[in-house]
Amino acid sequence: MGLIEVADSIKSMEIRGAGLIARSAAEALKQQALDYRGNDLDELRRRLDDGRKALIASRPTAISLWNAVQATMRGSSTVQSAEELRSLVAANADAFVERSSKAVEIIGRIGSKRLRSGMTILTHCNSKAALGVIKAAHAEGKDIRAYATESRPWRQGLLTIKDLSAAGVPTTLIIDSAVRWIMKEVDVVLVGADTICSNGAVINKIGTSQVALAANEARVPFIVCAETYKFSPKTVYGEMVEIEERDASEVMDPRLIPPKVSVRNPVFDATPAEYIDSIVTEIGLISPYAAYEVIVKELGQESIFDIEG
Ligand code: RI2
């Protein structure tokens, strides 16, 4: 798949999940670099810059995508030849993909310590990081079960139940509006993240903040599972996270929309830090209020002041 096809597949959500789109973007930039066989450094720079912009524009909310592109291009402004740039981009992309995959495993190991036999977990949408925790606890022999929300309109919950079923975790599917009713049977909520802001707010699939409210009311801990590249340097710089609104046709057939009626399809929402018990990352379990430190330590001071694009 060429870079533009990868960007299109991210846009159309054939490639989805904040972690997967990040890894796919890094690999697409690597391929773009390797596919250019010439020696013209400026030409290769131009191609990579166009590619970088196309990938970043493919989905606006998940900072994982932007962080992946930044990590893949890191150091590229100082290289002296096309060959050097090719090798740098390829090595950066490989390092990002490896680190990202390992992070999901480590999050599984850390997060599973918060789960005990007899617990019921509720998860929303389809997060590899959150499901990794549930599957790790199950693999350790803990007797746990899960509720998975349907997650309209894309119904990623159907992917979640398949994944948990394959792992052997007893799982029940519920519709999104059943969350508050079911919460009295839930011991802990585990969700993923698309972006974590410097003030500890978590941007995740639409409906996440309602799940957090219901959990808070029922005194059920709400835990976010996220790799450190889901933290946003841009928010330190004061930028607001753009919440993607997708086509209304994902919600209902446009031909059936009655006159005077419009349909909106925002796909993410923000859960403030006060509703979040903790965030499980590959560098440990942290308070949402430690988000700023994670950004500075893991993504570097320079990532905060190098935010063009
Ligand atoms: P992992 C997804 O976004 C969901 O919001 C999910 O919670 C989040 O990415 C994190 O997923 P979408 O691509 O990276 O379905 O943990 O819009 O897999």
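First listed ligand is number 1; within each ligand, the first listed atom is number 1.
Ranking the protein heavy atoms by distance from atom 17 (O) of ligand 1 puts Lys205 NZ, 2.7 Å first. Of all protein heavy atoms, the one closest to atom 3 (O) of ligand 1 is Asp194 OD2, 3.1 Å. Closest protein heavy atom to atom 10 (C) of ligand 1: Ala193 O, 3.5 Å. Nearest to atom 16 (O) of ligand 1 among the protein's heavy atoms is Ser127 OG, 2.7 Å. From the protein, the heavy atom lying nearest to atom 15 (O) of ligand 1 is Arg16 NE, 2.7 Å.
Residue contacts with ligand 1, taken as heavy atom pairs separated by less than 4.0 Å, do not involve Cys225 at all. If you look at Phe268 next to ligand 1, the close heavy atoms, those under 4.0 Å, all belong to the side chain.
With 3.5 Å as the limit, one finds no donor-acceptor pair spanning the side chains of Ser177 and Arg152. Between Asp269 and Ser209, the side chains place a donor N or O and an acceptor N or O closer than 3.5 Å (distance only, hydrogens not considered).
With Glu227 as reference, Val104 is the one residue of Val104, Asn67, Thr281 to meet the side chain to side chain contact (heavy atoms under 4.5 Å, CB included) rule. Applying the side chain to side chain contact (heavy atoms under 4.5 Å, CB included) test between Asn265 and each of Glu244, Glu245, Arg246 identifies Arg246 as the sole match.
At a 4.0 Å cut-off, not a single heavy atom of Val191 sits close enough to ligand 1 to count as contact.
The contact set between ligand 1 and Lys128, taken as ligand atoms under 4.0 Å from a residue heavy atom, comprises 1 (P), 16 (O), 18 (O). Annotation for ligand 1: atoms under 4.0 Å from non-hydrogen atoms of Lys230 are 1 (P), 14 (O), 16 (O). Taking every heavy atom of Cys125 and a limit of under 4.0 angstrom, the matching atoms of ligand 1 come to 4 (C). Heavy-atom proximity to Gly19, at under 4.0 Å, picks out these atoms of ligand 1: 14 (O). Residue-ligand proximity, Gln156 to ligand 1, at heavy-atom distances under 4.0 Å covers atoms 15 (O).
Under the 4.0 Å criterion applied to side-chain N and carboxylate O atoms, Lys135 and Asp163 are assigned as salt-bridge partners. Under the 4.0 Å criterion applied to side-chain N and carboxylate O atoms, Glu27 and Arg23 are not assigned as salt-bridge partners. The residues Asp176 and Lys205 are annotated as not salt-bridged, no charged nitrogen and carboxylate oxygen being separated by less than 4.0 angstrom.
Formation of a donor-acceptor pair under 3.5 Å by the Thr123 side chain with backbone atoms of Leu190 is found in this model.
Within 6.0 Å of CZ in Arg16 there are more than 12 heavy atoms belonging to other residues, nucleotides or ligands.
Residue Met13 places no N or O, backbone or side chain, under 3.5 Å from any N or O of ligand 1. Below 3.5 Å of separation, one finds an N or O of Asn204 facing an N or O of ligand 1. In terms of N/O distances under 3.5 Å, ligand 1 is not approached by His124. Note: no N/O pair closer than 3.5 Å links Leu20 and ligand 1 by distance alone. Some N or O of Ala129 is nearer than 3.5 Å to an N or O of ligand 1, by distance alone.
Considering CD1 of Ile144 and OG of Ser112, their distance stands at 9.0 Å, rounded to 0.5 Å. For the atom pair CE of Met1 and CD1 of Ile15, the computed distance is 4.5 Å after rounding to the nearest 0.5 Å.
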